[in-house]
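What follows is a single structure, written as structure tokens, with notes after it.
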Amino acid sequence: MRQIQSKKRYILALLIGTFIFLNGFIITNTILSIQFNRVSQFQDQTSYAIFKDKLNYELFNADPCTTDNFNKISDDLSYQGASIGDLEEKLGKNNNKVKFRKEFYNLVELEHFEYINDINRLCGKNFTTLLFFYSNQRNDLDKSERLGRLLDFIRSKKDNLVIYSFDINLDSEITRNLIKLYNIEESPTIIINNDKRLSGDIELKDIEENLISLKKVIVKL
Amino acid sequence: MSFITYVIYFSIYVGLVGTTFYILTFIEDLKKEREFFTDDELPKVSVIIPAYNEEKTIELTLDSILKSDYPKNKLDILVIDDGSIDKTYEKALKYQKEGVRVFKQETNGGKGRALNSGIEKAKGDFVFTMDADTIVDKKSLKAMTRYFKNPKVMSVTPAMVTRETKTIIQRIQSVEYLTGLFLRKTFAALNAIHITPGAFSAYRKSFFEEHGGYDEGNLTEDLEVALRIQHHKYIIENAPEAPAYTIPPKDFMSLLKQRRRWYAGLMKNTWNYRKLFGKEYGDMGMFVLPMAWFGIFIAVFMIIYYAIKATNDLIKEVLFYKSINFDIFNQIEFNSYFFERIFFQITTITALWFVLIFLVMIFFYLRYATKKIGKTESLYINVPLFMVLFAVLFGIWWIVSIFYVALNREVTWK
């Protein structure tokens, strides 16, 4: 019978292998934590900018029509939404820290949504708002992901379009209220300018047609 | 985490422990003292070259052996023409004046039969078996023979590397052979070499006399001999300082045929020698063989999983891009956040950090190989090709081989 050369070597290999293995996760978690802090900080800055502009005209009668950083804020919001989605994917849907950031993100989105509506009304601008209600549940995931990508595509071509995304499965009061307010029954659903509603298998031409018809209404007015 | 994620991380963990174990073994083996024949003690050796339709390469092979620094009076070279229908025999005959003994078998009976015939005729106590398209370094014969000083050593394997690698398929194989050098040395340290290359290996002739010659009906007769040596608990050594060069298959189909034969042979022979798994065979039975088969199983599983996934993803992507009229450039928004997000997405894939560690290991293996054999062919081109394509090819070879064995299809040499 042949003997095993060295049991000690096996134990050492197991220890070193385990150490390297755990370090892989430590590195990833460190980067995740850095990213989480960065997104949080960034989210605070964006919300601060939105609240400041809004309060300036609501409380101090500043002219809201002179600010022109909508595109920047729109980009920021889009990036934050995507980053929170990434964090959710990596850290899990039930991670309380991510869940809080997502709720906060929804709050900031709604604040911005309201602000854009005010700007449209007060300054005669024609920003198009699009509320995107999606779901990460297995049955709806593919449809939601596909529509999310379609919306990114449309957004990249259309400067005055602002998209606000809401996860209908997020366990928060704001989400529940929104679902009730807009009577969301299926996912994905989009609502354009608080008016046009599209659900289910939505194609590019469906969205574009609705955006064009809106333009005509605006021009007519 | 999904089931597949658990499988991936479990295999990575096993791979990390296994790789660490091999490196520790390699380091410890550096301190091990071995007995070697001195120049004066070098025994008579026979080099047996079975040849079937090898008119293009036989001369090169013979020239390389004749250039060897092995004492000429202790060198016996035999060509066994295995019923060639080209000019192999005539070309070999020209070397008779150099002392090469040439024999012709009227019918093509296969490599195993030709080798057995050569062993019968061999005058040396040690026999080298060599393919008729292999060439060896002039120092290889001496370097390998020295290991036979230990009477328990029944076989010595060389540093098997490739030559004349021109096509992409050949370049990938060249890196595969080079990385194999480190593993072969480590397996030797654990006395766990279970494959002796048919292209060039050395054996103690008494082993064949005591335990029979090559299994003539076996598809991978060289592998069978290696397993038989292990079965009898003898030692197979490795001489990384003894390069032997072989021309790997040029295209996908001929490589697939070669690998199908190797792997089908490996499956059948491993099954026949399944006793080698287990405590009785020490590190080989408890670790090396189970690890090797675990690696194969995981590779096959992964390649099937990712092939299905990639097909599904591709269909989805095509349908999506069709829905946006293939306006690819507008789909990706290159704002200031694009690269930041990509960076974050990549660096937080834990498996990629481990892939990086395994890549570092491959570079370490290649460093070892280049140190041992000197100059190597275009590594800067070959290594990236290997990294991108080898895993896929490896999976395909195994899937095809398993299919053939499972359906009991006939696997042939050519």
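We use all heavy atoms of the structure for the numbers below, so side chains are in, but hydrogens, waters and symmetry mates are not.
- Only the side chain of A:Ile27 comes within less than 4.5 Å of a heavy atom of chain B; its backbone N, CA, C and O stay farther away.
- Each of A:Arg146, A:Arg38, A:Glu89 has some count of heavy-atom pairs under 4.5 Å with chain B, and the biggest count is that of A:Arg38.
- The choice from B:Leu356, B:Ile12, B:Leu352, B:Val17 that makes the most heavy-atom pairs within less than 4.5 Å of chain A is B:Val17.
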Start with the C-alpha gap between A:Asp86 and B:Gln345, add the side-chain angles, then the distance that decides, and say whether side-chain contact (heavy atoms from CB on, under 4.5 Å) holds.
CA-CA 7 Å; A:Asp86 292 341; B:Gln345 281 178 329; 3.3 Å; yes

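- For the pair B:Tyr321 and A:Phe153, the minimum side-chain heavy-atom distance is 4.5 Å or more.
- A:Lys205 is not listed as a side-chain neighbour of B:Ser323, based on a closest heavy-atom distance of 4.5 Å or more.
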Check step by step if salt bridge (Lys or Arg N to Asp or Glu O under 4.0 Å) holds for B:Glu280 and A:Arg2.
CA-CA 6 Å; B:Glu280 206 185 325; A:Arg2 275 188 201 162; over 6 Å; no

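- Contact of B:Phe344 with chain A is made through the side chain alone, with heavy-atom distances under 4.5 Å.
- Your options are B:Asn191, B:Val14, B:Leu16, B:Thr350, and the one with the most heavy-atom pairs under 4.5 Å with chain A is B:Thr350.
- Atom CZ of B:Arg34 has more than 12 heavy atoms from other residues, nucleotides or ligands within 6.0 Å.
- Both the backbone and the side chain of B:Leu190 come within contact range of chain A, with heavy atoms under 4.5 Å apart.
- When side chains are defined from C-beta on, B:Tyr9 counts as touching A:Phe21, because their heavy atoms get closer than 4.5 Å.
- Among all heavy-atom pairs drawn from B:Lys279 and A:Met1, the shortest one is O-CE, 3.9 Å.
- Here the closest heavy-atom approach between residue A:Ile20 and residue B:Phe354 is recorded as O-CE2, 3.6 Å.
- In terms of heavy-atom pairs under 4.5 Å with chain A, the best-connected choice from B:Gly15, B:Gly18, B:Gly282 is B:Gly282.
- Of the two parts of B:Gln230, the backbone and the side chain both hold a non-hydrogen atom closer than 4.5 Å to a non-hydrogen atom of chain A.
- The backbone N or O of B:Ala189 sits less than 3.5 Å from a side-chain atom of A:Gln5, completing a donor-acceptor pair.
- Within the 4.5 angstrom heavy-atom criterion, no atom of A:Thr30 approaches chain B.
- For B:Thr25, the parts lying near chain A are the backbone and the side chain together; criterion is any non-hydrogen pair under 4.5 Å.
- Once rounded to the nearest 0.5 Å, the distance linking CG of A:Leu32 with OG1 of B:Thr347 reads 8.0 Å.
- Proximity to chain B (any heavy atom under 4.5 Å) is shown, for A:Ile34, by neither the backbone nor the side chain.
- A distance of 10.5 Å separates CZ of A:Arg9 from CZ of B:Phe287, quoted to the nearest 0.5 Å.
- Taking CG of A:Leu12 as the start and CD of B:Glu28 as the end, the distance is 8.5 Å to the nearest 0.5 Å.
- Salt bridge B:Lys316/A:Asp142: present, at least one basic N to carboxylate O contact under 4.0 Å.
- Within the 4.5 angstrom heavy-atom criterion, only side-chain atoms of A:Phe42, from C-beta onward, approach chain B.
- Here the CG atom belonging to A:Leu204 is positioned 6.5 Å from the CG atom belonging to B:Asn325, to the nearest 0.5 angstrom.
- No side-chain heavy atom of B:Trp353 sits under 4.5 Å from any side-chain heavy atom of A:Asn23.
- Here the OG1-CD1 distance, from B:Thr19 to A:Ile16, works out to 12.0 Å after rounding to the nearest 0.5 Å.
- For chain A, the nearby parts of B:Ile349 are the backbone and the side chain; heavy atoms of each come within less than 4.5 Å.
- Both tests pass for A:Arg149 against the ring of B:Phe320: distance under 6.0 Å to the centre and angle within 45° of the axis.
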